[in-house]
Visitor: 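What follows is a structure written as structure tokens; I'll ask about it next.
In this text, all values refer to a predicted model and were calculated from it rather than measured experimentally. No hydrogens, no waters, no symmetry mates; every other heavy atom, side chains included, goes into these values.
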Amino acid sequence: MVSTSKTIVISGYYGFNNSGDEAVLKSILTALEQEGQAAGVEINPVVLSIDPEWTSATYGVKSVHRMKLGEVRQAIKASDGLISGGGSLLQDATSPKTIPYYLGVLKMAQWLGKPTFIYAQGVGPVNRKLFYPMIRSVFRKCTYISVRDIQSGELLQSMGISAEAIHVVPDPVMGLPLPEGGNACMDSNTAHHRSLREVDAGKQELHTDEAFAEDHHDKVEPEVHVDTDDGIRQGIVSSTEETANTPLSSERAEVASVSSIDIHKDSGEGVSTQEIHQNTGEGLSSQQVHEYSGEEMSSTSHETGDALPVIGISVRYWNPERKELKAIGEGLKALAEQRPVHLRFLPFHQPDDLEASQFIVSQIGDISRNGSTISFYRDEKQPQDMLREVSHCDLILGMRLHSLIYAANQSVPLIGISYDPKINHFLKRLGSEPVGSSESLDGDVLKGQILQLLDGALAWRAEHGEQIALLKREAAKPARHIAEYLRHRG
């Protein structure tokens with residue numbers, strides 16, 4: 001029975017239309033509610049978001065604009081503590097502005113005398129050593145520190161944080177359930193589809209309820225000064241004053257203008273849906289690209305035993321020469337020529353990932369002659385929609401971290417392509433490694449691994465099921481610690 005009520009402010013990369021980060025938020029909110037009830041504490045979240053109206057409407061929680069200093073300060077002042085995370089908040093690979101912003105929010109809470117909790121963060125890379133003393137100063141004053149992989153913990157130790165103060169836990173999305181109405185692992189259509197195909201291969205169906213969970217490096221934060229603790233404060237004040245009255249569309253346009261898309265691709269090479277349907281130089285017909293909704297996918301792909309195996313594909317722009325996207329296109333084209341498949345593109349960050357997906361489709365060309373098909377998923381309204389979509393797939397090929405975490409969550413065999421150390425770190429926890437990287441990927445090797453996993457899905461689940469189950473059980477540890485802390489504080 002709930003005996004006390006507490007308010008917690010949550011700081012992260014929220015409201016930016018990134019499926020992975022929104023999944024992190026949904027996972028944290030779910031875990032806090034469940035662990036709070038178990039501890040007899042009603043936890044009332046207040047989320048810092050770039051789009052507070054959307055965040056409030058989507059999750060049913062209070063939200064304030066993350067760049068309006070007055071609202072942020074008032075929310076923290078009225079709260080019982082601050083959560084920072086999850087995700088890769090403390091990294092400077094995409095911008096030198098990210099670390100100062102998140103440290104500034106933490107420092108504000110500490111100045112106001114509030115307990116601060118680091119929630120399953122992925123720390124690094126931190127290439128600028130000037131950030132080390134700043135992180136050390138703020139983290140040493142935190143009430144609780146948890147990171148999502150061993151490498152993040154080791155990096156914090158190198159900055160001077162005690163090993164005893166660092167808790168290594170899974171990514172929060174490890175504990176994200178399917179939306180109400182979806183089964184815990186795979187729906188009946190999916191199970192029927194898999195069992196028929198795998199029994200034909202001389203294997204017996206293996207079911208597992210266990211699941212697993214991730215983050216991002218597309219984060220571009222406002223300009224801040226970082227010389228001292230006072231510099232953190234001055235930086236967050238100045239950046240907030242500059243953006244407080246900026247329309248949301250302008251803020252997002254500013255973020256987009258310096259995003260990895262503009263850095264890593266030439267605008268002249270973009271491929272629109274219209275261009276795809278008009279036959280983009282490779283003989284690609286309009287009939288080949290389909291727009292299935294999630295419900296249509298479930299019934300279309302899994303209601304019969306001879307349905308095509310569905311390969312979910314999550315890609316992004318990264319390499320300036322698009323080496324990995326071209327290699328993916330080569331591998332998938334060769335695969336479709338050898339075996340009929342359904343290539344299902346899953347854009348995790350709109351519109352950037354959709355453009356990257358369309359670029360690959362233009363490289364593949366027409367694969368319909370052999371019975372293969374291509375489709376895009378665009379119906380996501382909240383993170384669990386994408387999780388359910390992943391559960392309908394037979395295999396996930398992912399560059400986005402959370403596409404791989406979603407796959408593990410639903411015990412779907414996965415293949416990762418590394419553009420960032422976080423991909424390697426996650427795969428290592430599963431006892432796996434990337435098929436290649438954004439710098440070096442062989443299309444033939446990719447095709448071979450896809451074929452191997454399509455034929456060996458049962459063996460993959462048997463090999464990784466125990467580790468996935470463990471990670472899922474431990475996903476709520478930070479929420480449990482926070483709930484217990486709040487209960488003892490009365």
Side-chain angles (χ1 to χ4, degrees), residues 18-20 93-94 216-218 256 259-284 288-289 310-337 341-367 372-378 393 395-404 407 414-424 427 434-450:
N18 184 302
S19 179
T94 57
H216 45 261
H217 268 348
D218 299 349
S259 72
S260 61
I261 298 303
D262 288 328
I263 293 172
H264 296 298
K265 75 178 184 74
D266 298 325
S267 59
E269 295 186 69
V271 183
S272 68
T273 304
Q274 181 179 9
E275 288 171 330
I276 288 176
H277 287 180
Q278 290 175 346
N279 192 356
T280 55
E282 296 281 352
L284 183 60
Q288 186 197 348
V289 180
V310 181
I311 301 173
I313 304 160
S314 168
V315 294
R316 57 164 300 160
Y317 286 117
W318 190 258
N319 184 280
E321 300 174 5
R322 302 186 179 181
K323 292 180 181 178
E324 76 281 72
L325 299 187
K326 292 175 181 177
I328 292 170
E330 292 171 1
L332 293 177
K333 182 176 182 178
L335 171 71
E337 290 174 350
V341 291
H342 180 170
L343 305 180
R344 178 72 161 163
F345 286 88
L346 310 174
F348 269 65
H349 187 67
Q350 297 276 16
D352 305 340
D353 292 5
L354 179 59
E355 293 179 9
S357 299
Q358 292 167 339
F359 176 82
I360 290 178
V361 171
S362 73
Q363 302 294 302
I364 294 173
D366 186 2
I367 57 174
S372 293
T373 188
I374 295 173
S375 68
F376 295 87
Y377 177 62
R378 310 193 198 200
C393 296
L395 182 148
I396 291 293
L397 170 63
M399 289 181 68
R400 289 285 183 187
L401 172 60
H402 277 112
S403 71
L404 302 175
L414 57 91
I415 296 175
I417 298 171
S418 179
Y419 73 93
D420 184 280
K422 66 187 180 183
I423 304 297
N424 304 65
L427 293 175
V435 65
S437 70
S438 56
E439 293 296 326
S440 178
L441 177 63
D442 187 305
D444 287 335
V445 173
L446 175 61
K447 183 195 76 171
Q449 285 208 16
I450 293 175

Visitor: Q350: which residues meet the side-chain contact (heavy atoms from CB on, under 4.5 Å) condition with it, sequence neighbours left out?
Guide: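 side-chain contact (heavy atoms from CB on, under 4.5 Å) check on Q350 returns N17, P347, L354.
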
Visitor: Would a 4.5 Å heavy-atom cut-off, applied to side chains only, mark I417 and P434 as touching?
Guide: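 Not touching, per the 4.5 Å side-chain cut-off.
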
Visitor: Please list all pairs passing the side-chain hydrogen bond (donor to acceptor under 3.5 Å, both in side chains) test where one or both residues lie in residues 436-450, with sequence neighbours left out.
Guide: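 Sorted pair list: N319-E439, Q338-K447.
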
Visitor: Are any of the side-chain heavy atoms of I311 and L335 separated by less than 4.5 Å?
Guide: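 Sidechains of L335 and I311: in contact.
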
Visitor: Rounded to the nearest 0.5 Å, what's the gap from CD1 on I313 to CG on L397? Could you check?
Guide: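 Answer for the CD1-CG pair, I313 versus L397, is 6.0 Å.
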
Visitor: Rounded to the nearest 0.5 Å, what's the gap from CG on L414 to CG on L395? Could you check?
Guide: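 Answer rounded to 0.5 Å: 7.5 Å.
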
Visitor: Quick one: side-chain contact (heavy atoms from CB on, under 4.5 Å) partners of A336, sequence neighbours excluded?
Guide: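 side-chain contact (heavy atoms from CB on, under 4.5 Å) list for A336, sorted by chain: V341, I367, S372.
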
Visitor: Mark yes or no for whether R400, through its side chain, and V315, through its backbone, hold a donor-acceptor pair below 3.5 Å.
Guide: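 Side chain of R400 to backbone of V315: no pair is present.
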
Visitor: Of all heavy-atom pairs between K333 and I364, which one has the smallest distance, and what is that distance?
Guide: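 Smallest heavy-atom distance, with atoms named: CD-O, 3.2 Å.
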
Visitor: Hey, what do you get for CZ (R322) to CD1 (I360), rounding to the nearest 0.5 Å?
Guide: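 R322 CZ to I360 CD1: 10.0 Å, rounded to 0.5 Å.
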
Visitor: When you compare the side chain of Q358 with that of F376, does any pair of heavy atoms fall below 4.5 Å?
Guide: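 With C-beta onward as the side chain, the pair touches.
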
Visitor: Using a 3.5 Å distance criterion without hydrogens, assess whether the side chain of Y377 forms a donor-acceptor pair with backbone atoms of G312.
Guide: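 Not a single qualifying donor-acceptor pair exists.
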
Visitor: If I take atom OG from residue S418 and atom CG from residue L427, how far apart are they, to the nearest 0.5 angstrom?
Guide: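 Separation between the atoms: 8.0 Å.
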
Visitor: Could you tell me which non-hydrogen atom of L441 sits nearest to which non-hydrogen atom of E324, and how far apart they are?
Guide: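 L441 and E324 have their closest heavy atoms at CD2-O, 3.7 Å.
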
Visitor: Can you tell if the side chain of E330 reaches within under 4.5 Å of the side chain of Q363, non-hydrogen atoms only?
Guide: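 No - every pair of side-chain heavy atoms lies 4.5 Å or more apart.
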
Visitor: Do you know which two heavy atoms are closest between Y317 and E355, and how far apart they sit?
Guide: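 Looking at all heavy atoms of both residues, the shortest contact is OH-O, 3.3 Å.
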
Visitor: Closest approach of L404 and I415, non-hydrogen atoms and distance?
Guide: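 Looks like CD2-O, 3.6 Å.
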
Visitor: A327 and L446: which non-hydrogen atoms are nearest, and at how many Å?
Guide: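 Scanning both residues, the minimum pair turns out to be O-CD2, 4.5 Å.
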
